[in-house]
2 protein chains.
Amino acid sequence: MPTPDRTSLPEIVGAGRELLELGGLDGLTMQAVAARVGVRAPSLYKRVTGREALIALVADATLRDLAAVVQRAADAAGADPRDRLRALARAVRAFARDRPAAFGLVFAPGSELRLAPERLEAAAAPVLAATAELAGADHALDAARTFTAWANGFIGMELAGAFRLGGDVDRAFEFGVEALVGAVAGSTVAGSTVAGSAGAGSAGAGSAGI
Amino acid sequence: MPTPDRTSLPEIVGAGRELLELGGLDGLTMQAVAARVGVRAPSLYKRVTGREALIALVADATLRDLAAVVQRAADAAGADPRDRLRALARAVRAFARDRPAAFGLVFAPGSELRLAPERLEAAAAPVLAATAELAGADHALDAARTFTAWANGFIGMELAGAFRLGGDVDRAFEFGVEALVGAVAGSTVAGSTVAGSAGAGSAGAGSAGI
DNA sequence: ACCTGAACACCGTTCAAGT
DNA sequence: ACCTGAACACCGTTCAAGT
């Protein structure tokens with residue numbers, strides 16, 4: 001009769017997520033994960049290819065949560081696409097504040113993570129739906145990229161403590177929300193008339209995207 | 001008669017910058033730096049406190065270069081603040097493409113870097129000057145933060161290969177530039193009338209900021 | 001004064017040996 | 001089948017010893 005397994009993949013990923021928030025990526029060591037799940041480091045390799053794969057699983061779980069949060073926020077915001085965009089931006093910001101290290105991992109500029117395309121699409125879908133309504137199908141993708149770039153950029157800078165010139169950061173965020181909502185709604189955009197071609201995609205590695 | 005020094009701090013920082021672009025932060029090891037400057041790893045500690053300090057020096061040098069690039073782009077763009085913003089965004093994007101790893105380091109969401117305030121101000125000054133003209137003193141800081149967040153976010157996502165839904169990324173960039181220039185110019189911003197107070201600043205650690 | 005080899009405390013990862 | 005200790009190849013960093 002075989003003894004019951006002493007740990008599991010979900011437990012390992014969970015330990016990784018906790019350690020990530022506690023001590024950053026440096027704190028996410030195989031030994032620390034192993035200790036947290038009550039096992040020795042070599043045993044982890046029964047369920048995970050290695051540290052990089054574990055980090056990818058942590059990122060995937062984070063992105064899955066983010067997609068759910070974002071979907072819920074959009075649903076709760078009602079029919080007005082402007083309100084949905086505002087709600088999306090605020091929901092992502094709250095998510096990032098709640099799990100800063102995980103957010104930083106998923107949206108890190110240099111990471112070589114291969115996030116699952118279906119997760120990316122799930123996270124991006126609500127923004128795209130809103131911008132399609134506001135900017136029209138031709139500009140939906142450009143508008144979604146503009147809005148997402150601003151939101152991710154703002155939140156990333158805020159997490160990094162990059163707003164150091166004083167002023168009210170909450171006010172700057174709301175200013176940005178309104179500026180982007182207005183801009184994406186097209187009233188000030190000197191829109192080109194190029195059709196929004198959805199090509200093959202460059203399929204590069206990278207962080208959460210659209 | 002003492003023998004001449006076999007290396008120097010600038011040489012070490014230069015080696016660090018090269019290694020960063022060649023192999024990312026993981027490739028920036030003390031041993032690799034030492035080998036590149038023709039010395040053994042322990043000797044580096046004569047000129048640098050440790051690896052983290054070296055990384056901070058690399059980031060500082062990068063930010064210094066970026067500030068110079070940005071200043072030059074603004075100067076060359078002429079008197080129209082809209083043109084200056086367009087030129088700034090494109091200059092930062094070109095800089096990031098030229099040195100992606102260094103850009104990622106300086107603008108990483110989670111980094112614990114303590115960039116020098118004077119470098120940050122130098123890098124931010126041209127944007128602030130342009131937004132002050134476009135949005136007025138009351139909204140200059142909010143507008144600069146909005147524009148910078150979008151630019152950093154877009155470039156970071158592009159570097160990470162995060163635009164995977166097809167379409168033309170260059171077109172998305174230009175769409176974003178025009179959207180932000182228009183938004184920052186205030187035509188669509190439902191501006192609050194709160195005065196732009198430049199308070200003490202939260203003085204947190206973090207990446208390049210404004 | 002600068003440089004070095006040796007050493008220490010960590011990593012990630014592999015693997016033969018245990019149960 | 002899962003787990004482990006021991007080992008290996010790396011790290012960053014310290015320090016006594018060399019010149």
Side-chain angles (χ1 to χ4, degrees), chain A residues 1-60 101 104-105 108 110-114 205, chain B residues 1-60 101 104-105 108 110-114 205:
Chain A
M1 189 145 78
T3 52
D5 294 1
R6 258 173 256 186
T7 185
S8 67
L9 184 55
E11 204 187 357
I12 289 170
V13 174
R17 299 179 77 176
E18 292 165 11
L19 286 166
L20 176 63
E21 291 310 330
L22 288 172
L25 215 41
D26 289 348
L28 177 33
T29 71
M30 297 300 270
Q31 319 211 10
V33 170
R36 204 158 241 262
V37 302
V39 106
R40 299 291 189 167
S43 299
L44 299 176
Y45 293 80
K46 280 279 127 148
R47 339 226 174 231
V48 161
T49 317
R51 182 173 179 263
E52 249 179 74
L54 175 52
I55 290 172
L57 289 172
V58 167
D60 185 71
L105 171 66
S111 82
E112 298 293 326
L113 292 171
R114 290 203 159 274
Chain B
M1 191 142 79
T3 52
D5 293 2
R6 260 173 254 186
T7 186
S8 66
L9 185 57
E11 204 187 357
I12 289 170
V13 174
R17 300 179 77 175
E18 292 164 11
L19 286 167
L20 176 63
E21 290 312 328
L22 288 172
L25 215 41
D26 288 348
L28 176 33
T29 70
M30 296 301 270
Q31 318 210 11
V33 170
R36 204 158 241 261
V37 303
V39 104
R40 299 292 190 167
S43 299
L44 299 177
Y45 293 80
K46 280 280 128 151
R47 339 226 174 230
V48 161
T49 316
R51 182 173 179 263
E52 249 179 75
L54 175 53
I55 290 172
L57 289 172
V58 167
D60 185 71
L105 171 66
S111 83
E112 298 293 327
L113 292 171
R114 291 204 159 273

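Quick note: numbers below take in every heavy atom, side chains included, and nothing from hydrogens, waters or symmetry partners. These numbers come from a predicted model, not from an experiment.
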Write down the distance between CG (D5(A)) and P (dA1(D)), rounded to a whole number of angstrom. 12 Å
Side-chain N or O of S43(A) versus OP1/OP2 of dT4(D): is the shortest distance under 4.0 Å? yes
Taking C-beta and beyond as the side chain, do L44(A) and L54(A) meet within less than 4.5 Å on heavy atoms? no
On a heavy-atom basis, which atom in V48(A) and which in G50(A) lie closest, and how many Å separate them? CG1-O, 2.9 Å
Using both pair distances under 3.5 Å as the test, note the stems of at least 3 consecutive Watson-Crick or G-U pairs that include DNA chain D. C:4-8 with D:12-16, C:12-16 with D:4-8
Between NZ of K46(A) and C1' of dC2(D) the distance, given in whole Å, is 6 Å
On a heavy-atom basis, which atom in G27(B) and which in A32(B) lie closest, and how many Å separate them? O-CB, 3.9 Å
Any salt bridge (charged side-chain N to carboxylate O under 4.0 Å, His left out) pairs touching residues 40-49 of chain B, not counting sequence neighbours? D5(B)-R47(B)
Pairs under 3.5 angstrom only: tabulate donor-acceptor contacts from the side chains of residues 8-19 of chain A to other protein residues two or more places apart or in another chain.
residue	atom	partner	partner atom	Å
S8(A)	OG	E11(A)	N	3.3
E11(A)	OE1	T7(A)	OG1	2.9
R17(A)	NH2	D65(A)	OD2	2.7
E18(A)	OE1	R36(A)	NH1	2.1

Contact letters for nucleotides 12-19 of chain D, in which S counts primed atoms plus P, OP1 and OP2 and B counts the base, heavy atoms under 4.0 Å: SBBB----
By side-chain hydrogen bond (donor to acceptor under 3.5 Å, both in side chains) - contacts of R51(A) (at least two apart): none
Salt bridge (charged side-chain N to carboxylate O under 4.0 Å, His left out) with E21(B): which residues, sequence neighbours excluded? none
Between C1' of dC2(C) and CD1 of I12(B), the distance in whole Å: 12 Å
Just N and O in the side chain of R40(A): are any of them under 4.0 Å from OP1 or OP2 of dA6(D)? no
Distance, rounded to the nearest Å, where D26(B) contributes CG and dC11(C) contributes P: 16 Å
What's the shortest heavy-atom distance between A59(A) and L113(A), and which atoms? CB-CD1, 3.8 Å
